[in-house]
There are 4 protein chains.
Amino acid sequence: MRQRDDNKRLALLEATLELVTEQGFSATSVAMIARRAGVSPGTLYIYHEDKDALLVSTFLDVCDRLIDTALGQVDEHLVLREQLRRVWVALFEVALASPRLFRFYDMFSHSAWMTDELRERNDQRLAPLLEALAEGQRQGLIKPVGLALLEAFLFRPIHHLVQSSGCHPFEPDSASIDMAFAMAWDAVALKHCASQESVS
Amino acid sequence: MRQRDDNKRLALLEATLELVTEQGFSATSVAMIARRAGVSPGTLYIYHEDKDALLVSTFLDVCDRLIDTALGQVDEHLVLREQLRRVWVALFEVALASPRLFRFYDMFSHSAWMTDELRERNDQRLAPLLEALAEGQRQGLIKPVGLALLEAFLFRPIHHLVQSSGCHPFEPDSASIDMAFAMAWDAVALKHCASQESVS
Amino acid sequence: MRQRDDNKRLALLEATLELVTEQGFSATSVAMIARRAGVSPGTLYIYHEDKDALLVSTFLDVCDRLIDTALGQVDEHLVLREQLRRVWVALFEVALASPRLFRFYDMFSHSAWMTDELRERNDQRLAPLLEALAEGQRQGLIKPVGLALLEAFLFRPIHHLVQSSGCHPFEPDSASIDMAFAMAWDAVALKHCASQESVS
Amino acid sequence: MRQRDDNKRLALLEATLELVTEQGFSATSVAMIARRAGVSPGTLYIYHEDKDALLVSTFLDVCDRLIDTALGQVDEHLVLREQLRRVWVALFEVALASPRLFRFYDMFSHSAWMTDELRERNDQRLAPLLEALAEGQRQGLIKPVGLALLEAFLFRPIHHLVQSSGCHPFEPDSASIDMAFAMAWDAVALKHCASQESVS
DNA sequence: GATGAATGAGTGTTCATTCAT
DNA sequence: CATGAATGAACACTCATTCAT
């Protein structure tokens, strides 16, 4: 008997990621995904219950790759600002290497497949980062506002910038990323005059 | 594709807006839209060339309602900060009144139907607002950064906050909106110590 | 706008009757039925919710044709034995004219689609005939036994005989039918010696 | 298609019997049968050439169990009427013990898988019983009619009664079975007035 | 012999679109 | 202009069968 092949599982996730970001959810058929993954349509259903389950699995895989990238930079020995800067840099680097990751994440999370359950799962996986922010608030470094606001100004802009969609391009070179992060930091930091050099 | 009955045209746009935000693009069939709008599927094709054209028309309608809301607050006689604050407040008000507007905008703009052409059209419609920002940069009020960055920190967060999606709710009362706007302003403003009271 | 076409509805029922009796339920695809009926697969779904509903509708149509044939012979002015004889003759005639009718009836009624609800419906349609039998029992003409037994000996044998399946052929000519009916009558009749000539 | 493990062979037949009577032929997949039998789909093909062969084998197994039950009661030392009565009683007992047997028999024999070849095989297996009837005809006990008619009134009603399908239940207790058999006997017997007490 | 992953043709069903009325 | 019946290609999914292990 053949063993279940992890290569096939990954090939299906990768094919889904590619095709959905190229053509969109509705234009991507199960048959196309199977062909691109090099398996037959029937095989797809050994690894995934149905098309919806495949999309969700792909989303979870994408989320984990992004979240692992971010969490890999959380290091309690560094000051908060430096931790966050490294998270930013790491995410821009992964966006350069695999532009589809953020694209798929955004497509899925704005689709009708997105659920609160999935949102909560990701939030829990991000707990170390969110805890670092909470600690920053307790230390008076971060504005004492709700998590929704911190997310909106710290993380959301990343999604906008890495897709650099449309008319106003953003070139993610080292200097640009530093400037972008400085703006994020200004938004969330409880500032003292001395810190103003962040924009110098 | 003559347009005789404007009621029917609007009913179709409204039905599309409702159904797509409820069920998603792929789960929304032309027949469902027609039924919700109170017309027959055949009639739909008198007003719209095909399903794609209907989705794009709905998107343009949604964009115009949001853009008009924003532009309605641009008033050269006010200082830039106040203009932007009014834009923020107006957008939150419209989000409360018609939550589907932002939801549809985000769903569509992250879908495969979004094109650079559409993005550019919206940018041109937003010209007065973008021009006000450019003037602010010339006056040394706004950080001298590219438009992508200003968008990312001034407008993107609004989309995040009005959907208040998921675990971290954002209650858009007057105080919360002011605080949120203060963060946006801190992100983009070229600050002097005196302005620090924005977070007080 | 086109009107719903009763010819199409009937053509679908007839095509189903033909194909199922020729090939069986599982070997008969929806596409085959549609082609035989001269419509497209999609059209089938305008007239029937799904394949199951089409099969049930065909069954009901078949039942009604058989039941109407039988009930057409019920005439209170005739003695019971003559009424039943006419029912028998009429059913054999319809079996000769449309052999598929009994074949489909039996195939369906022994399949997993058969339900008590359908059985009850047919029983209610047959009420006049069953009532005549009950009256016969009150008059001492028919053995005072349950309906299941009367059915088993009066009607079930018809199904067996009209299909004349297999090795022991039954030629439904006038004399044979009369003999067969005599046997059915002997089974259910509360007999007196005088009636013995029924087998003469 | 070697047979090594007779347990597996029997488990497959039993699983087929159960699933087909529960769900019908088309709803019963090879994978379901294998799972119910506790083997893998591949193993099934060691014991049976394909699905059709499995169904036919199950049918033959069911036929043999029913035919053996009937033939076990044929005893030339008894008068014909008593022989037939014992056949009836035995078949009702097996129907009570294994209701699926008659159900499967009827489902299969009304399906498109039924062939004249199978019918003939069963007929040959039933030869002793049919021969007893022929002998009865020669002795003037049984009406001198074709085998089709004798089958229709002697055996067909059993199938109807043991399934007791639908609205008119038949309780197969000893008295009811005797009454039912009396009706069958009346149908086929060449009667003399003296025998009338059968309905007393 | 036994397994179950793999296959791909085939299924029932949907749906954007057309067109006779 | 308006209708909704009709279409048929395309879809997601199943399943009898094979075969590498």
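We name chains A, B, ... by the order of the sequence lines, and we start the count at 1 in each one. Note that the coordinates shown come from a computational prediction; the quantities given were computed from them, not determined experimentally. Computation of the quantities below employed the complete heavy-atom set of this structure, encompassing side-chain atoms and omitting hydrogens, waters and symmetry-equivalent molecules.
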Nearest whole angstrom, please: distance from the P of F:dT17 to the CG of D:Asp50. 5 Å
Of C:Pro41 and A:Ile46, the one whose nearest nucleotide on DNA chain E sits closer to the 5' end is A:Ile46
Near DNA chain E, under 4.0 Å by heavy atom, which residues of residues 8-40 of chain A? A:Lys8, A:Val39, A:Ser40
Counting only side-chain N and O atoms of B:Thr43, is one of them less than 4.0 Å from OP1 or OP2 of F:dT3? yes
According to the Watson-Crick and G-U wobble definitions, with both distances under 3.5 Å, which nucleotide is paired to F:dT17? E:dA6
Phosphate oxygens OP1/OP2 of E:dA2: is one of them under 4.0 Å from a side-chain N or O of D:Tyr45? no
Closest listed nucleotide, where the reference is the side chain of A:Asp5 and the choices are F:dC1, F:dA5, E:dA6: E:dA6
Do A:Leu13 and A:Leu17 have side-chain heavy atoms sitting under 4.5 Å apart? no
Under a 4.5 Å cut-off applied to non-hydrogen side-chain atoms, are D:Phe108 and D:Leu118 in contact? yes
Whole-Å gap separating P (F:dT17) and CG (D:Leu54): 10 Å
When C:His48 is tested against each of C:Thr16, C:Leu12, C:Leu55, C:Val56 for side chain to side chain contact (heavy atoms under 4.5 Å, CB included), which residue passes? C:Leu12
Note: for A:Glu49 and C:Gly42 on DNA chain F, the residue whose nearest nucleotide lies more 5' is C:Gly42
Whole angstrom value for the distance that separates P of E:dA16 from CG of B:Asp52: 10 Å
B:Val30 vs B:Asp50 side-chain heavy atoms within contact, under 4.5 Å: no
Value in whole Å for how far the C1' atom of E:dT18 lies from NZ of B:Lys51: 17 Å
When you look at A:Glu14 and A:Arg36, which way does the salt bridge (Lys or Arg N to Asp or Glu O under 4.0 Å) test go after all the steps? CA-CA 9 Å; A:Glu14 187 62 22; A:Arg36 174 83 62 113; over 6 Å; no
Which whole-number value in Å describes the distance from B:His48 NE2 to F:dA2 C1'? 15 Å
In whole Å, I'd like the distance from the CG atom of B:Asp6 to the P atom of F:dA2. 12 Å
Could you state the atom-to-atom distance from CG of D:Leu44 to P of E:dG1 in whole Å? 14 Å
Rounded to whole Å, how long is the line connecting atom OH of D:Tyr47 with atom C1' of F:dT17? 18 Å
Within 6.0 angstrom of D:Gln23 CD, more than 12 heavy atoms from elsewhere: yes
May I ask you to check whether D:Trp113 and D:Phe59 place their ring centres under 6.0 Å from each other? no
